[in-house]
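Contents: one structure, followed by commentary.
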Amino acid sequence: MVAVGAVAYHADESDLCVDLFRQVFVPLRAAGAMGPVAHLLAVQADALLATGRWAEAAELIEEAQAFAVVRGMTCAELDLEALRVTLDALRGDNEPGVELTGPNWHAVSLDENRATMARTLRARGLAALSLGDHESAFRNLRSLFEDDGTPVHNLLSGRSIAALAGAAQRLGRHREAAHVLAAVRQTEGRRPTLRMTLLMHHAAALVDLDADTEKQFRLAVVHPGADQWPMERALARMSYALWLRRRRRPREAREQLATVIEAAARLGAHRLAAQAGAELRASGGTAAPKAAAPLAELTAQQQIVRLAANGLSNREIGERLFLSPRTVGTHLYNVYPKLGISSRHQLRDIVEQRMGREGTGGR
């Protein structure tokens, strides 16, 4: 199962990777026997980030970092620290001056540990991008590729191509990023994964001056499979909305921005939600989009909510969903404010009310 999970990670089957590794990690974590799979903790954390399971990723990163420190697993510790910074950047919780430096960085040759180097450069780049420091973002993200555009890491570098293109567009360095994009396309070959296909479409829309920009944007956002990577899709929609605004198409821009705001709210991407809200108002939107029905916001947590409403304990829910009881508790803690409740016993009523509305067609 571990081997299949690793293959799923490399094949960008991110949901499958998460599910398989949960089945392996949860019992090992409960037994305190993570040693045999410790080298894969960063892989699972990365997949959780990509698929929008940020609360679970934060818990895993914290626990895995403590494990790595105790076991003296320096590379794993650095990988996890880079992923923690990445999560902060995605949420918009990061602060200026992220350097990812310390005594451990001198103990590892990043040239010999390309995955660690790639995660570090991506973390720095996304942190800078989140803060609007496009020059620093471009410098770090460009370092994921050699001078000729060849990816430094065959798997991880390419996943940052859209972020690199975003920074390049802001700096007017379209052709430089397009050169890298061409190299990434060559590396990916004739049958790239769906995730890489979507990221390359987004990048092309931003920096390929010979491309049909709107076609590339639409290809980046319309595929239903893009839901597997919700933040990447939201960022592509944000880029598309900004392009539509510049083309004086405010109604279409507002449609994209409303979707971005909803996705960002579900994920907890505070800075993206604020940026999209400002753009929505600037494009003529007079109010935030109508809030979704409470349970409709909880796609990633809906199973936990329903099981808790049925009276299952955190441990029982965890056993069914291959989650730790602590992860279940974290999800429920995050759910209560969204539902407008403060305790577990109120869940049954709100779930029954929602199911009743669905059963009567919302009448």
Side-chain angles (χ1 to χ4, degrees), residues 42 46 49-50 75 78-188 196 199-209 220 231-232 235-236 238-239 242 269 271-272 275:
D46 194 8
L49 292 180
C75 268
L78 299 181
D79 281 337
L80 292 160
E81 177 63 13
L83 291 169
R84 183 194 64 76
V85 171
T86 298
L87 175 56
D88 286 347
L90 294 172
R91 283 175 165 166
D93 292 339
N94 56 308
E95 299 292 337
V98 172
E99 295 295 338
L100 286 173
T101 58
N104 284 335
W105 295 97
H106 301 294
V108 173
S109 171
L110 294 182
D111 285 337
E112 296 176 3
N113 294 274
R114 293 297 181 96
T116 300
M117 179 168 69
R119 290 192 176 106
T120 301
L121 291 169
R122 174 177 169 80
R124 289 174 176 165
L126 293 183
L129 203 58
S130 176
L131 294 169
D133 184 354
H134 301 108
E135 190 67 50
S136 178
F138 182 85
R139 183 173 63 254
N140 282 285
L141 296 169
R142 179 64 181 84
S143 297
L144 285 163
F145 306 90
E146 306 287 1
D147 290 344
D148 64 357
T150 303
V152 166
H153 189 280
N154 284 341
L155 177 67
L156 300 179
S157 291
R159 292 176 179 174
S160 293
I161 188 59
L164 172 63
Q169 184 200 43
R170 294 299 187 99
L171 297 171
R173 302 173 75 166
H174 298 71
R175 295 195 182 279
E176 193 171 346
H179 170 69
V180 176
L181 174 58
V184 171
R185 284 173 171 156
Q186 184 173 357
T187 299
E188 291 297 315
M196 282 305 305
L199 288 170
M200 289 188 292
H201 283 312
H202 184 188
L206 294 172
V207 299
D208 188 345
L209 301 179
M231 185 61 168
E232 290 170 6
L235 291 170
M238 184 70 179
S239 297
L242 294 175
R271 191 165 285 148
L272 177 62
Q275 291 169 347

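This structure is a prediction, so every number in the text was calculated from the model and none was measured.
- In this structure the side chain of L141 never reaches within 4.5 angstrom of the side chain of L121, judged on heavy atoms.
- Side-chain atoms of R271 come within 3.5 Å of backbone N or O of G92 as a donor-acceptor pair.
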For this session: Take L144 and L164, measure what side-chain contact (heavy atoms from CB on, under 4.5 Å) needs, and give me the verdict at the end.
Result: CA-CA 9 Å; L144 285 163; L164 172 63; over 6 Å; no
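- Considering only heavy atoms from C-beta on, E81 stays 4.5 Å or farther from T120 through its side chain.
- Of all the heavy atoms in V152 and R114, the pair that sits closest is O-NH1, 3.2 Å.
- Remark: T187 engages no residue in a side-chain hydrogen bond (donor to acceptor under 3.5 Å, both in side chains) (not counting sequence neighbours).
- Atoms CD and CG, from Q169 and L206 in turn, are 5.0 Å apart once rounded to the nearest 0.5 Å.
- The closest donor-acceptor contact from the side chain of N113 to the backbone of T116 lies at 3.5 Å or more, if one exists at all.
- In this structure, E135 does not pair ionically with R170, as no charged nitrogen and carboxylate oxygen lie closer than 4.0 Å.
- The CZ atom of R175 sits 13.5 Å away from atom CG of L181, with the distance rounded to the nearest 0.5 Å.
- Between E188 and N154, the closest heavy-atom pair is OE2-O, 4.5 Å.
- Across every non-hydrogen atom of G158 and V184, the tightest pair is CA-CG1, 4.5 Å.
- Here the straight-line distance linking atom CG of D208 with atom NE2 of H174 works out to 10.5 Å at 0.5 Å rounding.
- The shortest side-chain heavy-atom distance between F145 and T150 does not fall under the 4.5 Å cut-off.
- Distance check, rounded to the nearest 0.5 Å: CE of M117 to CG of D79 gives 12.0 Å.
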Problem set entry | Audit row: D46, L156, side-chain contact (heavy atoms from CB on, under 4.5 Å) steps and yes/no | CA-CA 10 Å; D46 194 8; L156 300 179; 4.1 Å; yes
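- Among all heavy-atom pairs drawn from R119 and A82, the shortest one is O-CB, 3.6 Å.
- The local environment of CG in D148 is crowded, with over 12 non-hydrogen atoms from other residues, nucleotides or ligands closer than 6.0 Å.
- For the pair D88 (side chain) and D93 (backbone), a donor-acceptor distance under 3.5 Å is absent.
- In this structure, the side chain of H202 does not engage the main chain of M200 through any donor-acceptor pair within 3.5 Å.
- To the nearest 0.5 angstrom, L199 atom CG is 10.0 Å from L235 atom CG.
- Here the side chains of E176 and R142 are in contact, with some heavy-atom distance below 4.5 Å.
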For this session: Let me see the working for L49 and T86 under side-chain contact (heavy atoms from CB on, under 4.5 Å), right down to the final yes or no.
Result: CA-CA 9 Å; L49 292 180; T86 298; 4.2 Å; yes
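- Expressed to the nearest 0.5 Å, how far CG of N94 lies from CG of L87 amounts to 10.0 Å.
- Using modelled atom types, no side-chain atom of S130 and backbone atom of L126 make a donor-acceptor pair closer than 3.5 Å.
- For the residue pair H153 and A118, the shortest heavy atom distance occurs at CB-CB, 4.0 Å.
- Here the shortest heavy-atom pairing between H179 and G149 reads NE2-N, 4.1 Å.
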